[in-house]
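Please read the structure below before turning to the comments.
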Protein chains: 2
Amino acid sequence: MLNYQPPTDPEQLARWLKVLAEPKRLRIFNLLMQGVQCNCELGDALQMAPNLISHHLAKLRDAGLVDVTRDTRDARWVYYAVNRAALEQLNAAFGAFFDPNRIQPRHPACGPQGNLIPPDAVTLAEP
Amino acid sequence: MLNYQPPTDPEQLARWLKVLAEPKRLRIFNLLMQGVQCNCELGDALQMAPNLISHHLAKLRDAGLVDVTRDTRDARWVYYAVNRAALEQLNAAFGAFFDPNRIQPRHPACGPQGNLIPPDAVTLAEP
DNA sequence: CTGATAGTTCAACATGCGTTGAATTATAGG
DNA sequence: CCTATAATTCAACGCATGTTGAACTATCAG
């Protein structure tokens with residue numbers, strides 16, 4: 001079979017989610033989705049200091065979500081881009097894990113197994 | 001159009017991700033995907049104290065990801081279930097945001113715009 | 001009323017992590 | 001060499017939040 005990918009284990013998914021759950025990191029990733037970006041370009045767009053950008057990019061890079069490239073003419077410039085393979089795996093893993101059709105309607109094994117009342121009728125924390 | 005859902009804004013997606021990025025919370029949610037569960041059942045399965053389960057379930061509930069139901073015969077028992085509508089919205093939002101086809105191949109606007117070398121040839125942090 | 005059960009709420013603690021400013025590295029140009 | 005630039009690394013701070021144990025609610029059974 002072509003393009004086969006082994007199923008992503010939940011722990012890998014959890015690691016990816018932890019990296020992407022940071023708001024500013026998600027915004028950085030969103031900009032990278034729009035094309036290769038250097039540190040300064042991201043900093044200008046998001047009004048963030050370059051060392052902060054570096055910090056967040058390192059997290060994304062450690063998670064394997066983005067790739068790094070240096071300019072051949074002037075090696076001081078570093079370009080970042082989304083790792084497409086990782087993104088495909090992430091997207092597939094998330095879609096499978098949170099697939100609504102995966103929801104099982106089984107009743108709880110404990111408790112008196114009484115009839116359930118609709119969630120609308122429940123007020124738990126609201127005073 | 002039937003079943004139309006307005007596009008989920010990125011901030012809502014970030015909020016959901018933040019809630020789901022917690023490993024134990026993700027495991028709780030995974031169990032809920034397998035059917036309605038009460039607090040004690042989740043605690044037994046994950047070897048966690050009931051107050052911790054309560055704490056994490058509250059976060060999932062506040063995020064609108066799970067619904068609460070009380071037993072009609074014995075109101076001491078509380079059952080939790082995945083909110084299917086929220087899950088569908090989450091899944092759609094995530095799939096759209098992290099769609100690999102959304103990646104734009106544009107070149108950086110800053111820097112000398114030099115030719116890019118393949119990421120394989122780059123060693124940044126590894127000594 | 002009394003005790004047991006299921007669950008939540010509260011207060012205190014611990015720690016992970018985003019943030020900040022300064023120091024450091026690497027490269028380019030003169 | 002010497003300075004400027006792009007980016008990273010480091011140390012310190014502060015806050016958010018997961019964890020823990022105890023107190024508290026609510027409900028049911030006798």
Side-chain angles (χ1 to χ4, degrees), chain A residues 14-15 17-29 36-44 46-63 66 68-80 108-114 117 122-127, chain B residues 14-15 17-29 36-44 46-63 66 68-80 108-114 117 122-127:
Chain A
R15 237 171 291 138
L17 290 184
K18 202 155 182 50
V19 171
L20 294 169
E22 216 290 313
K24 295 186 178 174
R25 219 139 54 203
L26 191 63
R27 296 184 64 187
I28 291 177
F29 191 87
V36 179
Q37 310 268 352
C38 62
N39 187 317
C40 65
E41 208 174 351
L42 295 167
D44 289 347
L46 298 177
Q47 301 278 43
M48 294 168 58
N51 58 352
L52 236 193
I53 303 281
S54 255
H55 171 249
H56 288 306
L57 283 173
K59 296 258 185 180
L60 290 169
R61 189 164 50 78
D62 289 346
V66 305
V68 188
T69 305
R70 281 193 177 273
D71 195 300
T72 49
R73 298 188 191 173
D74 189 337
R76 289 175 299 181
W77 297 77
V78 179
Y79 303 119
Y80 288 89
C110 58
Q113 302 265 6
I117 56 179
V122 176
T123 51
L124 199 71
E126 295 79 10
Chain B
R15 236 171 291 139
L17 289 184
K18 201 155 182 50
V19 172
L20 294 169
E22 217 289 313
K24 294 186 179 175
R25 219 139 53 203
L26 190 62
R27 296 184 65 187
I28 291 176
F29 191 87
V36 180
Q37 309 269 351
C38 61
N39 186 316
C40 65
E41 209 173 350
L42 294 167
D44 289 348
L46 298 177
Q47 301 278 44
M48 293 168 58
N51 57 352
L52 236 193
I53 303 281
S54 254
H55 171 249
H56 288 306
L57 283 173
K59 295 260 185 178
L60 290 169
R61 191 164 50 79
D62 290 345
V66 305
V68 188
T69 305
R70 280 194 178 272
D71 196 299
T72 50
R73 299 188 189 173
D74 188 338
R76 289 175 300 181
W77 297 78
V78 179
Y79 304 120
Y80 288 90
C110 58
Q113 302 266 5
I117 55 179
V122 176
T123 51
L124 198 71
E126 295 79 9

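Chain A is the first sequence line, chain B the second, and so forth, proteins listed ahead of strands; every chain is numbered from 1. Since we're looking at a predicted model, the values are computed, not measured.
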Check every strand shown and say whether Asp74(A) touches a base, only sugar-phosphate, or nothing at a heavy-atom separation below 4.0 Å. sugar-phosphate

Round to the nearest Å and state the distance from Leu52(A) atom CG to dC13(D) atom P. 18 Å

With no hydrogens and no angle check, is any side-chain donor or acceptor of Arg25(A) less than 3.5 Å from a backbone partner on Val19(A)? yes

Whichever of Leu57(B) and Met48(A) has its nearest DNA chain C nucleotide further upstream toward 5': Leu57(B)

Measure the CG-CD distance between Asp44(B) and Gln37(B) for me, rounded to the nearest 0.5 Å. 10.5 Å

Between atom CD1 in Ile53(A) and atom P in dA6(D), what is the gap in whole Å? 15 Å

Closest approach of Asn39(B) and Pro50(B), non-hydrogen atoms and distance? ND2-O, 3.3 Å

Suppose we call a contact any N or O donor and acceptor under 3.5 Å apart; does that hold for the side chain of Asn51(B) and the base of dG7(C)? no

Check the distance between dG18(C)'s C1' and Leu60(A)'s CG and give it to me in whole angstrom. 14 Å

Using a 3.5 Å distance criterion without hydrogens, assess whether the side chain of Arg70(B) forms a donor-acceptor pair with backbone atoms of Ala75(B). yes

Euclidean distance, atom OH of residue Tyr80(A) to atom C1' of dA7(D) [Å, nearest integer]: 8 Å

Answer yes or no: does a side-chain N or O of Lys18(B) lie under 4.0 Å from OP1 or OP2 of dA16(D)? no

Nucleotide of dG7(C), dG18(D), dA22(C) approaching Lys59(B) most closely (side-chain heavy atoms): dG18(D)

What is the distance from CG of Asn39(A) to C1' of dT25(C), rounded to the nearest Å? 15 Å

Below 4.0 Å: OP1/OP2 of dC17(C) and any side-chain N or O of Arg25(A): no

Side chain of Trp77(A) - closest among dA7(D), dC28(D), dT19(C): dA7(D)

Send over the distance from Asp71(A) CG to dT5(D) C1', rounded to a whole Å. 14 Å

Atom CD of Gln47(A) and atom C1' of dT20(C) are separated, to the nearest Å, by 17 Å

Respond yes when some side-chain nitrogen or oxygen of His56(B) is under 4.0 Å from OP1 or OP2 of dT19(D), and no when none is. yes

Whole-Å distance between dA7(D) C1' and Arg70(A) CZ? 7 Å

